Structure formats: C-alpha cells, structure tokens
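A note on names: the letters A, B, ... follow the listed sequences, proteins ahead of strands, and every chain is numbered from 1. Predicted model, so just to flag it, every value in this text is computed and none were measured.
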Amino acid sequence: MIWFSFSKVFPELTPFVKWCGATWIGTYVRHAAWAFKFIETVHILAWVVLLGSTLLVNLRLLGMIRGWSVEQMAHSVSIFIHASLLLVAVTGILMFLSNPFRYYDNLAFGPKILFFAIAALYQLTLYRWVVRSSKGGIPLWARIAGGSSLLLWFAIGATGRAIGAI
Amino acid sequence: MNPARNRLDQLIDEGLASYANAAPRWGLETRVLRNVLGKDSAAYRFPRWAWAIPALVIGFALGIAVAPPIRTMFSAALNPSLIGEWCARLEASSLSTRIRESELFWWYIEGGHLMALAVMLGPALMLDLRLIGVLWTGDPVSKVEKRFLPITITGFGVVVATGLLLFISEPVKCYESPYFRIKMCLILIAGLNALVFHSTIDRRRDEWNTTLPTPRSARVAGVLGLLIWTAVIFAGRYMAYTFS
C-alpha cells in the first residue's frame, strides 16, 4: 500500500529527529497543557480553509462553478491558499517538534508529507501555469490538473487523519 | 463579369441575409439585464414560512416554561436522566455497536466528516467575506450566493450525515461531553444566524446587491458566521480530546 514511515526510509535522520525533540520550542509544546491541542485545532482550521479555497479553483477548472474565469477565481482565493499554506506548515512543524518520534515512526506521516510536498510544489509551479493558460474554454488537461489537485488535497487530509488512527 | 464570381457574391449575400433575419433566442434582453444586474438568484430566496421554525421553537419553550399543564405533559420527556437513558439505549443498539467496533469504518466516517466540513466552509467563508465587503466585491452578492451556496449545502448534508453516524457510535460520551453541548448550541446559533440573514436583509438584497459598503446587518451576519464556525471547529476538536 501507500504507507511508509520516515524511520524506515531515512534511518540516518535519527540524530536530527532527536535534536528536533530537544529544541526549546519542542519541549515547550510537549509540556504545556494547552499548546498541543490548540496548535492541532489551528492546524485543522487552516487545513479546512486551504482545502476549501483550492476546492473552488479546482471546481472552476473542472467547469463545475461558472461565472468567473479561472484566473479571476485563482486570484481571489490565492491569499487564502498562501496564508493557510503558511499556517498549516508552521503549526505542522510545531506539532512535529513536540513529539518528533511519533511522526518519524508513523506509517501515515510518510505518505502525508510526500503528498503535501507534491501538492505544494504543484500549487506553486505547474498549477499557476495551468491557471494562466486556461482562458476562454477549459482544455482537457486543465480539467485533469484540477481533478488531480483536488484528489491530492483530499489524500493529504485522509493520510493526515490516519496519523492519529494508526 | 466573371459568372463564378457573381455566383459567389450571390451566395455571400444570401448568407448575410439569413444572418440578419435570424432572431435571437427569446428573452435575450432579460438575460443580458440579469447578467448585468446580477438579479438572477430568485431560486435561493428564503421562503417566508421559514420564520415558523424559530417561532415554533420559542413558542414551545415558552409554553413549557409558562403553562403548567403543558409543562407536566413534557416534564417526563425533558427529564435529563431520560435523555441519558435514551443515549444509553442507543449505544446498546446493534448499529451503534457495529460502527463503534468496526476497524476502519469509524475512521472513514470521521475523515469524511472533516473533508465535508472543508467543502462546506470554504465557499461559506467566501460568501461571509462578500457580506462583510472584503472579497469578491466586484461581483453582486446574488452571484456569489448562487455559485457558492449549493457547494456549502452539499457539504453540509454530508457533514450532518457523517456527524449523525459519529453520534450514534458513541451517544453517551457525546451527551456527557460539555464540548458536545457547546458545539450543538453553536450550530443552532449558526443556523439561526443564517435563517435571520436570509429571511430579513437578504430578502431586500436588490437594494444592496452591488453597493459598498454592505449594510450593517449583512456585515454582522458575515462576522458572526466566521466566528461561530471557527468556534464549532474548536469545540469539535476539543470534544475529541476528552474522548480518548
């Protein structure tokens, strides 16, 4: 299946992961009673905004929302995509620092980070080009780009939820 | 003169004449006007009878609080321990047990609940920001509502369905959790907020469809929507922490 842990794939990273857990911020989040819950909730909130706003652009690319051009839609929601990407990354890093070995050994964390890296790269490079070049009609490859981006973001959510389940 | 050339001219003339004679599809003017004014959203106008729902709820509550015969009638049903018992009976049912003890199904519902929440709140966020007058200000409110509300409603349906299944799987814990009670109250308030918005200021949308700033009550509805749903997410997540 898709499940793998970073501790199996990159065992040489162990000293770095140990160092992460020893940083003062990691120690703080681990010991403060309120911190982890709050950070995780903000992480989920930011992810909801992220998925919700990419959803709109992707539905536009798929032709399921009409009334705006792809570029207008992407321009309007881009601030949410970028702000929530940043927030998701910051809170995610804080959560990782608080208990790095939990994630290092987790079978769902590996695919989640992999999907996230692909999606973030995709969003910042190829996707922009797709958005810019789909004026007027929406070509088939733009629809495929929208659909695959949508799937990727849902997959990130699913694997992210699975971290807590495994 | 060249006869072939003549024939070509004749064909072009005929073609142009047929273009000129073709009438546009009926209602062209209305369609153009609609697009210009953005007044095409009659479908999402809230019915006036929707007021009956909060009126009934308030009347019911008042009736129980004020009128003694009605109070005695409902006191048994409103006994908190009875709700707890009902939850316990629900928890003992085969459906509840099956969901609770399933290996993956529960996680799929839980994941679906979260994903659907994103599908619901993304477009709702955009509409709220339009009501506040921050984003999509170039578009009429009716257009933003018409394009985004169906997505929100679809997401809401899935959220409610998965949420019900989650509740059925662990009704006693839910009932006893203060966060769950807070969350339900917040959702009720969010519903009331939407109801009041759609049945008052939104009915007179034509007056402020394209003007900025938006009316104060629309801004209040937008800000309330954002705050309440953020609080719902917090309550929902904190509820789960008390479960495990």
Side-chain angles (χ1 to χ4, degrees), chain A residues 1 33-60 62-69 72-73 75-81 83-84 88 91 95 108 112 150-166, chain B residues 35 38 40-41 103-104 106-130 134-140 142-152 154-155 159 179 226 229-244:
Chain A
M1 277 279 283
W34 65 275
F36 188 84
K37 288 180 187 180
F38 182 79
I39 291 169
E40 194 178 33
T41 311
V42 174
H43 189 70
I44 289 169
L45 197 62
W47 178 79
V48 164
V49 174
L50 181 57
L51 182 61
S53 43
T54 48
L55 174 84
L56 293 178
V57 185
N58 289 328
L59 286 183
R60 179 62 193 84
L62 288 170
M64 291 167 82
I65 301 179
R66 301 194 174 276
W68 291 279
S69 73
Q72 278 174 323
M73 190 63 112
H75 180 75
S76 296
V77 301
S78 70
I79 179 165
F80 290 99
I81 294 181
S84 53
V88 158
T91 49
M95 282 158 68
K112 179 186 173 171
L150 202 59
L151 273 180
L152 255 180
W153 285 112
F154 275 114
I156 293 166
T159 47
R161 191 66 198 86
I163 290 175
I166 289 179
Chain B
N35 282 331
D40 55 343
S41 57
E103 283 214 357
L104 285 173
W106 192 89
W107 291 103
Y108 288 150
I109 308 172
E110 156 86 352
H113 193 62
L114 261 174
M115 311 263 181
L117 191 73
V119 173
M120 172 195 166
L121 290 186
L125 166 76
M126 302 302 159
L127 177 58
D128 281 339
L129 289 172
R130 176 62 185 87
V134 183
L135 206 69
W136 308 99
T137 43
D139 303 295
S142 58
K143 181 179 169 187
V144 179
E145 263 188 47
K146 187 188 168 199
R147 310 289 174 180
F148 289 166
L149 266 189
I151 308 173
T152 295
T154 310
V159 165
Y179 287 113
L226 291 182
W229 286 112
T230 309
V232 167
I233 291 181
F234 266 89
R237 184 59 248 192
Y238 275 64
M239 178 176 85
Y241 285 122
T242 60
F243 277 23
S244 46

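Highest contact tally toward chain A, considering only B:Gly138, B:Ala118, B:Gly122, is held by B:Ala118 [criterion: heavy-atom pairs under 4.5 Å]. Comparing B:Asp139, B:Leu129, B:Leu114, B:Leu104 by how many heavy-atom pairs each has under 4.5 Å with chain A, the most go to B:Asp139. Of all the listed residues (A:Val49, A:Val42, A:Leu45), the one sharing the greatest number of non-hydrogen pairs under 4.5 Å with chain B is A:Leu45.
For B:Tyr108, no part lies under 4.5 angstrom from a heavy atom of chain A. Of the atoms belonging to A:Phe38, heavy atoms from both backbone and side chain fall under 4.5 Å from chain B. Interface remark: B:Phe234 contributes backbone and side-chain atoms alike to the contact with chain A (heavy atom separation under 4.5 Å). Contacts between B:Leu121 and chain A at a heavy-atom distance below 4.5 Å involve the side chain alone, from C-beta outward. Contacts of B:Leu117 with chain A are made by both backbone and side-chain atoms, with heavy-atom separations under 4.5 Å. Residue B:Val232 does not touch chain A at all, counting heavy-atom pairs closer than 4.5 Å. Only the side chain of A:Leu59 comes within less than 4.5 Å of a heavy atom of chain B; its backbone N, CA, C and O stay farther away. Proximity to chain A is absent for every atom of B:Met120, based on heavy atoms less than 4.5 angstrom apart.
For the atom pair CZ (A:Phe154) and OG1 (A:Thr54), the distance works out to 8.0 Å, reported to the nearest 0.5 Å. For the atom pair CG of B:Leu127 and CD1 of B:Ile151, the computed distance is 11.0 Å after rounding to the nearest 0.5 Å.
Residues A:Trp47 and A:Gly157 share a closest heavy-atom pair of CZ2-CA, 3.3 Å.
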**Prompt:** ring-ring contact (aromatic ring centres under 6.0 Å, His included) between A:Phe80 and B:Trp136: does it pass, once the steps are laid out?
**Reply:** CA-CA 13 Å; A:Phe80 290 99; B:Trp136 308 99; 9.1 Å; no
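With sequence neighbours left out, B:Trp106 forms a side chain to side chain donor-acceptor pair (under 3.5 Å) with B:Ser169. Every residue was checked against the ring-ring contact (aromatic ring centres under 6.0 Å, His included) condition with B:Trp229, not counting sequence neighbours, and none meets it.
Side-chain N or O atoms of B:Arg237 include none that pairs as donor or acceptor with a backbone N or O of A:Glu40 at under 3.5 Å. Listed for the B:Lys143 side chain is a donor-acceptor partner under 3.5 Å among the backbone atoms of A:Gly67.
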